[in-house]
Amino acid sequence: MKMPPSPARQEAEALAHNIPAERYDRIVRLAQAIFGAPIAALNLIGNDSQFTVASVGFPKGEIPVEDSVCRVTVLQDEILEVHDLREDERFSNIPAVAGPPRVRFYAGFPVHGQSGKNVGALCILDLVPRTLGRQQREMLADLGALLERELAVQEEMDLAGQVQQLMLPTSAPDIDGVEIAGRVQPAREAGGDYFDWFVVTEPGDAGKRLVVVLGDVMGKGLAASLIASEVRAVLRGHSRYTDVSDSVARTSTTTKHDLDANSRFSTLWVARLDPTTGVLEYIDAGHGLAIIASQRGYRRLYQEYVPLGAPIEDVWEKASDVLAPDELLVVVSDGVFDVLDDSFDEVEAKMPAILDPALSCRQIVDLIVDFAVFHAASDDVTAVAVRRIPRADGDVTSAGPASTT
């Protein structure tokens, strides 16, 4: 009995491929304990497959939908209870009944997705025939409703993550003389890390400047992502009319209420680059994770300022440096330092390839993020890389040394 294609089946498959199973294992274990059944599972039903995403006594994974009992449960709006699967012609020949583990009893509650359609079932199975009492059926329905709420939250988180990714820059800025790339890898579906870049024109100066931003709102999940989106949007608005110091100060003032109300703070690293001269004006608001690197070594771009939303008032004054044509600006979030012992020396030692001039900024960013994810970073991971390149007219100018902070 193959399931007809439907939006509900597509919703189930999307959930199956994105669901963090550990969120549902607790409820499945609870069902197994309450009913004293050897097997309990949350199964999602796709067009061609059943996806067991949380289970006790049965392996997680994927089986053909025709070998599933839950495929029938999702077609109704009440508990499906089968006293003896061997005696039911719909199920007597499926592998789990005809062969090991030779299940006999089944009870499943249809679980709704965000669309309101049935996407799967919370089920319990036993190796002997049995019958649920009225109170047991109510308890199974209560546990199924709890799973539905968890699935609804999951889908909201997936959507928030998609929206957050769509808000990040996806194309090169409209400015000559710069190569840039960035990437965020959230610890969850959505997170507090973000990066941004955009082009502004200095007052009284026809030349374009590139603004580069990396921010990190304390915490993970939906709340952090919403506040990160707010800080990003506010900073963009203020940066178009003021210099880097004033734009950070105004962003702090504008977002202060929401940061305070949610007991959050946001570290922020923002810079304004003149691609012709390489002059880089920057503010480090509690971030501390930016370097200019080359084969000659690296130097940190660091200031001892507090983050936005901190209980202590601060005045952020810009510092400056110069990005030479053979140098690379790298800014990362603290998720990278989960695996690097809080040392830029570790970056140079463990990822020397980031200084390879043959690598593009995109390759460098992927190298950093993939390294942190591979080594099980527990926080959101973000990296931005910027390099000056010859402009369309072939000119790349160095302004010479500048003061650093």
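Basis for what follows: all heavy atoms, side chains included, without hydrogens, waters or symmetry-related copies. As the structure is a prediction and not an experimental result, all values here were calculated from the model.
At a threshold of 4.0 Å, the pair Arg183-Asp366 counts as salt-bridged, since one of the basic side-chain nitrogens sits closer than that to a carboxylate oxygen. The pair Asp243-Arg272 fails the salt-bridge criterion, with no side-chain N (NZ, NE, NH1 or NH2) lying under 4.0 Å from an Asp/Glu carboxylate O. A salt bridge links Glu327 to Arg296: at least one charged side-chain nitrogen sits closer than 4.0 Å to a carboxylate oxygen. A salt bridge between Asp326 and Arg388 is absent, with no side-chain N of the basic residue lying under 4.0 Å from a carboxylate O of the acidic one.
Judged by distance alone, the side chain of Glu81 and the main-chain N or O of Ala107 form no donor-acceptor pair under 3.5 Å. With Ser245 contributing its side chain and Lys318 its backbone, the two residues share a donor-acceptor pair below 3.5 Å. One N or O on the side chain of Asp356 and one on the backbone of Ala358 form a donor-acceptor pair closer than 3.5 Å. Under the 3.5 Å distance criterion, the side-chain polar atoms of Arg102 are matched with a main-chain donor or acceptor of Ala98. Remark: side-chain polar atoms of Gln185 are not paired, donor with acceptor, to backbone N or O of Val369 under 3.5 angstrom. In this structure, the side chain of Gln136 engages the main chain of Gly133 through a donor-acceptor pair within 3.5 Å. Listed for the Gln363 side chain is a donor-acceptor partner under 3.5 Å among the backbone atoms of Ser360. With Arg387 contributing its side chain and Leu329 its backbone, the two residues share no donor-acceptor pair below 3.5 Å.
Every residue was checked against the side chain to side chain donor-acceptor pair (under 3.5 Å) condition with Asp258, not counting sequence neighbours, and none meets it. Thr253 pairs by the side chain to side chain donor-acceptor pair (under 3.5 Å) definition with nothing, not counting sequence neighbours.
Looking at every heavy atom in both residues, Tyr305 comes nearest to Val315 through CE2-O, 3.3 Å. Contact between Ala121 and Tyr106 at its shortest, heavy atoms only, is CB-OH, 4.2 Å. Across Val119 and Arg9, no two heavy atoms sit closer than the pair CA-NH2, 4.0 Å. Closest of all the heavy-atom pairs between Gly286 and Thr267 is O-CG2, 3.2 Å. Scanning all heavy atoms of the two residues, the minimum distance from Gln303 to Ile283 falls at OE1-CA, 3.3 Å. Between Gly144 and Leu122, the shortest heavy-atom distance links the atoms N-CD2, 3.7 Å.
Within the 4.5 Å cutoff, no side-chain heavy atoms of Arg26 are placed close to those of Leu30. Within the 4.5 Å cutoff, no side-chain heavy atoms of Val332 are placed close to those of Thr382. Side-chain atoms of Arg250 and Leu235, non-hydrogen and from C-beta on, never get closer than 4.5 Å to each other. Residues Leu214 and His287 form a side-chain contact, since some pair of their non-hydrogen atoms from C-beta on lies under 4.5 Å apart. Residues Ser68 and Ile45 meet the side-chain proximity criterion, which asks for heavy atoms closer than 4.5 Å. Between Leu268 and Val213 the shortest side-chain heavy-atom distance falls below 4.5 Å. Within the 4.5 Å cutoff, the side chain of Val384 has no heavy atoms near those of the Val365 side chain. At a threshold of 4.5 Å between non-hydrogen side-chain atoms, the residues Val330 and Tyr298 do not count as touching.
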Starting from the C-alpha separation in whole Å, work towards a yes-or-no answer on side chain to side chain contact (heavy atoms under 4.5 Å, CB included) for Cys361 and Ile180.
CA-CA 6 Å; Cys361 286; Ile180 187 169; 5.7 Å; no

Would Tyr24 and Arg29 count as a side chain to side chain contact (heavy atoms under 4.5 Å, CB included) if you check the C-alpha gap in whole Å, the side-chain angles of each, and the deciding distance to 0.1 Å?
CA-CA 9 Å; Tyr24 306 94; Arg29 287 195 302 268; over 6 Å; no

Side chain to side chain contact (heavy atoms under 4.5 Å, CB included) evaluation trace for Ile368 with Val336
CA-CA 8 Å; Ile368 295 171; Val336 175; 4.0 Å; yes

For side chain to side chain donor-acceptor pair (under 3.5 Å), just list the numbers for Ser247 and Tyr241, CA-CA rounded to whole Å, side-chain angles, deciding distance to a tenth of an Å, and then say yes or no.
CA-CA 8 Å; Ser247 65; Tyr241 307 105; over 6 Å; no

Given the rule in the side chain to side chain donor-acceptor pair (under 3.5 Å) test, do Thr254 and His238 qualify, once you have shown the distances and angles that lead to the verdict?
CA-CA 10 Å; Thr254 305; His238 289 313; 3.1 Å; yes

Could you please spell out the steps behind the side chain to side chain contact (heavy atoms under 4.5 Å, CB included) verdict for Asp25 and Lys60?
CA-CA 11 Å; Asp25 283 336; Lys60 297 177 184 179; 3.1 Å; yes

Please report the C-alpha distance between Glu281 and Ser320 in whole Å, then the side-chain angles of each, then the deciding distance to 0.1 Å, and finally whether the side chain to side chain donor-acceptor pair (under 3.5 Å) criterion is met.
CA-CA 4 Å; Glu281 298 177 337; Ser320 64; over 6 Å; no

Would Lys208 and Asp274 count as a salt bridge (Lys or Arg N to Asp or Glu O under 4.0 Å) if you check the C-alpha gap in whole Å, the side-chain angles of each, and the deciding distance to 0.1 Å?
CA-CA 7 Å; Lys208 294 180 177 180; Asp274 183 338; over 6 Å; no

Report the C-alpha distance between Thr52 and Asn43 in whole Å, list the side-chain angles of each, state the deciding distance to 0.1 Å, and finish with yes or no for side chain to side chain donor-acceptor pair (under 3.5 Å).
CA-CA 4 Å; Thr52 300; Asn43 296 320; 2.7 Å; yes

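Tyr194 does not carry Arg232 over the face of its six-membered ring by the limits of under 6.0 Å from the centre and within 45° of the normal.
Rounding to the nearest 0.5 Å gives a distance of 12.0 Å between CG of Asp284 and CH2 of Trp316. The structure places CG of Leu210 at 9.0 Å from CZ of Phe198, a figure rounded to the nearest 0.5 Å. In this structure, the separation between CD on Glu11 and NZ on Lys117 is 10.5 Å, given to the nearest 0.5 Å. Note that CD of Gln50 and CD1 of Ile63 are 4.0 Å apart. Values are rounded to the nearest 0.5 Å. Expressed to the nearest 0.5 Å, how far OH of Tyr282 lies from CG of Leu301 amounts to 4.5 Å. Once rounded to the nearest 0.5 Å, the distance linking CG of Leu359 with CD1 of Ile364 reads 5.5 Å.
Judged by distance alone, the side chains of Asp216 and Ser333 never bring a donor and an acceptor atom under 3.5 Å apart.
Among Met139, Arg137, Glu148, the one residue that satisfies the side-chain contact (heavy atoms from CB on, under 4.5 Å) test with Phe109 is Glu148.
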